[in-house]
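These notes concern the structure reproduced below.
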Amino acid sequence: KDASGRGPAWANSLFEDNAEYGYGMRLAVDENRLLLKNLIEKILETGTTLELKEQFEKLLSLWDKTDTEAKLVRDKILELLPSALSVVYGESEPILKKINELKTYLLDKSVWIFGGDGWAYDIGFGGLDHVLAQGKNVNVLVMDTEVYSNTGGQASKATPRGATAKFAMAGKQLPKKNLGLMFTSYGYIYVASVNLGANKTQV
């Protein structure tokens, strides 16, 4: 939980569809934020309380930010919404009610896609490549055990050359696929590597 006591939302699909599922979540967030932005722009035309108007204007100027200033503006809007809902009327009333329904999208959300190396390197690689090639704001964490841990430890494309695994008892003949290098070649994907055994704090 964060300082406000909020836990992250969690959902899961078939493991081979992790990337596409997370991409769908990203698109949903983007669409809801676009709708919210349009509603805020509309209510600035139709009218709302002076205090809320000022905060909405500030938020629009910080729309793509998630820093402390943006969070303070978001918190102020959440504080002002209940009282504004009781005094706003006319064509502004349904707009403000819809803004209130979408208030969790006042700041952008961090979307994370989790999966193992069997998914990322092999069965789900096509989907992962497609999603990362879209340039959308998603984060991916590949938990690379270098074998198919979920199905008994068979060798995968993440298994290093010479390692033994089920179906590679004599040692794997081919080198490990360099997933990180492949994605850095796109030029707009940030890749980092961490090792749980080497540095838990860094992870």
Side-chain angles (χ1 to χ4, degrees), residues 1-34 62-68 70-71 74 104-168 172 174-203:
K1 291 182 179 180
D2 66 15
S4 305
R6 300 183 181 94
W10 178 269
N12 63 289
S13 68
L14 294 170
F15 84 94
E16 60 265 37
D17 298 330
N18 288 357
E20 296 91 330
Y21 193 82
Y23 183 57
M25 293 293 185
R26 176 74 262 170
L27 294 179
V29 170
D30 290 348
E31 284 301 310
N32 278 310
R33 278 183 50 79
L34 180 60
L62 300 167
W63 190 253
D64 294 319
K65 307 285 186 187
T66 55
D67 57 13
T68 303
K71 286 175 182 173
R74 183 268 319 268
T104 59
Y105 295 96
L106 288 166
L107 285 188
D108 198 6
K109 296 180 185 294
S110 181
V111 175
W112 283 82
I113 298 166
F114 294 90
D117 53 273
W119 158 68
Y121 284 73
D122 294 338
I123 193 170
F125 175 74
L128 177 64
D129 177 69
H130 177 73
V131 168
L132 291 181
Q134 303 308 303
K136 293 290 186 180
N137 184 16
V138 295
N139 305 282
V140 178
L141 178 63
V142 178
M143 290 162 280
D144 184 4
T145 60
E146 299 190 327
V147 288
Y148 288 164
S149 303
N150 194 44
T151 54
Q154 294 97 331
S156 76
K157 289 190 184 77
T159 306
R161 189 199 305 269
T164 59
K166 195 180 286 186
F167 303 140
K172 185 156 175 275
L174 299 172
K176 177 173 179 168
K177 180 178 180 178
N178 197 330
L179 192 69
L181 181 62
M182 293 170 73
F183 285 123
T184 56
S185 70
Y186 279 76
Y188 51 86
I189 297 172
Y190 174 77
V191 178
S193 179
V194 290
N195 185 307
L196 183 62
N199 191 329
K200 290 184 182 179
T201 305
Q202 184 189 24
V203 176

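For Asp30, the side chain to side chain contact (heavy atoms under 4.5 Å, CB included) test picks out Arg26, Lys136, with sequence neighbours left out. Trp63 pairs by the side-chain hydrogen bond (donor to acceptor under 3.5 Å, both in side chains) definition with nothing, not counting sequence neighbours. Qualifying side-chain hydrogen bond (donor to acceptor under 3.5 Å, both in side chains) partners for Glu16, counting only residues two or more places apart in sequence or in other chains: none. When the salt bridge (Lys or Arg N to Asp or Glu O under 4.0 Å) test is applied to Arg74, no partner is found at least two apart in sequence or on another chain. Judged as a salt bridge (Lys or Arg N to Asp or Glu O under 4.0 Å), and not counting sequence neighbours, Glu20 has no contacts. In terms of the salt bridge (Lys or Arg N to Asp or Glu O under 4.0 Å) criterion, Asp17 has no residue partners (sequence neighbours excluded). The side-chain hydrogen bond (donor to acceptor under 3.5 Å, both in side chains) check on Thr159 picks up nothing, with sequence neighbours excluded. For Phe167, there are no ring pair (Phe, Tyr, Trp, His ring centres under 6.0 Å) partners at least two apart in sequence or on another chain. In this structure Thr145 satisfies the side-chain hydrogen bond (donor to acceptor under 3.5 Å, both in side chains) test together with Asp117, Ser149, sequence neighbours excluded.
For the pair Phe183/Val140, no side-chain contact is recorded, criterion being any heavy-atom separation below 4.5 Å from C-beta on. Counting heavy atoms from C-beta on, the side chains of Lys71 and Leu107 come closer than 4.5 Å. Between Val138 and Val131 the shortest side-chain heavy-atom distance falls below 4.5 Å. Considering only heavy atoms from C-beta on, Glu146 comes within 4.5 Å of Pro160 through its side chain. Contact of the Tyr105 side chain with the Val29 side chain is registered, since non-hydrogen atoms from C-beta on lie closer than 4.5 Å.
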Practice problem: Determine, stepwise, if the pair Ile113 / Leu141 fulfils side-chain contact (heavy atoms from CB on, under 4.5 Å). | Solution: CA-CA 6 Å; Ile113 298 166; Leu141 178 63; over 6 Å; no

Self-check item: Residue pair Val142, Leu179: steps toward the side-chain contact (heavy atoms from CB on, under 4.5 Å) verdict
Solution: CA-CA 10 Å; Val142 178; Leu179 192 69; 4.3 Å; yes

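The side chain to side chain donor-acceptor pair (under 3.5 Å) analysis of residues 182-199, with sequence neighbours excluded, yields the pairs Asp129-Tyr186. The salt bridge (charged side-chain N to carboxylate O under 4.0 Å, His left out) contacts involving residues 158-167 comprise nothing, where partners must be two or more places apart or lie in separate chains. Residue pairs meeting the side chain to side chain donor-acceptor pair (under 3.5 Å) criterion with at least one member in residues 119-128, sequence neighbours excluded, are Tyr121-Asp144, Asp122-Tyr148, Asp122-Lys157.
The CG atom of Leu174 lies 5.5 Å from the NZ atom of Lys172; values are rounded to the nearest 0.5 Å. Here the straight-line distance linking atom CE of Met182 with atom CD1 of Ile189 works out to 10.5 Å at 0.5 Å rounding. In this structure, CG on Leu62 lies 12.0 Å from CG on Leu106, to the nearest 0.5 angstrom.
Classification of the His130-Tyr23 ring pair by plane angle, with boundaries at 30° and 60°, yields perpendicular.
For Ala165 against Ala155, the heavy-atom pair with the smallest separation is CB-N, 3.8 Å. When all heavy atoms are compared, the tightest approach of Lys109 to Thr104 is NZ-O, 2.9 Å.
Atom CG of Asn139 is surrounded by more than 12 heavy atoms from other residues, nucleotides or ligands within 6.0 Å.
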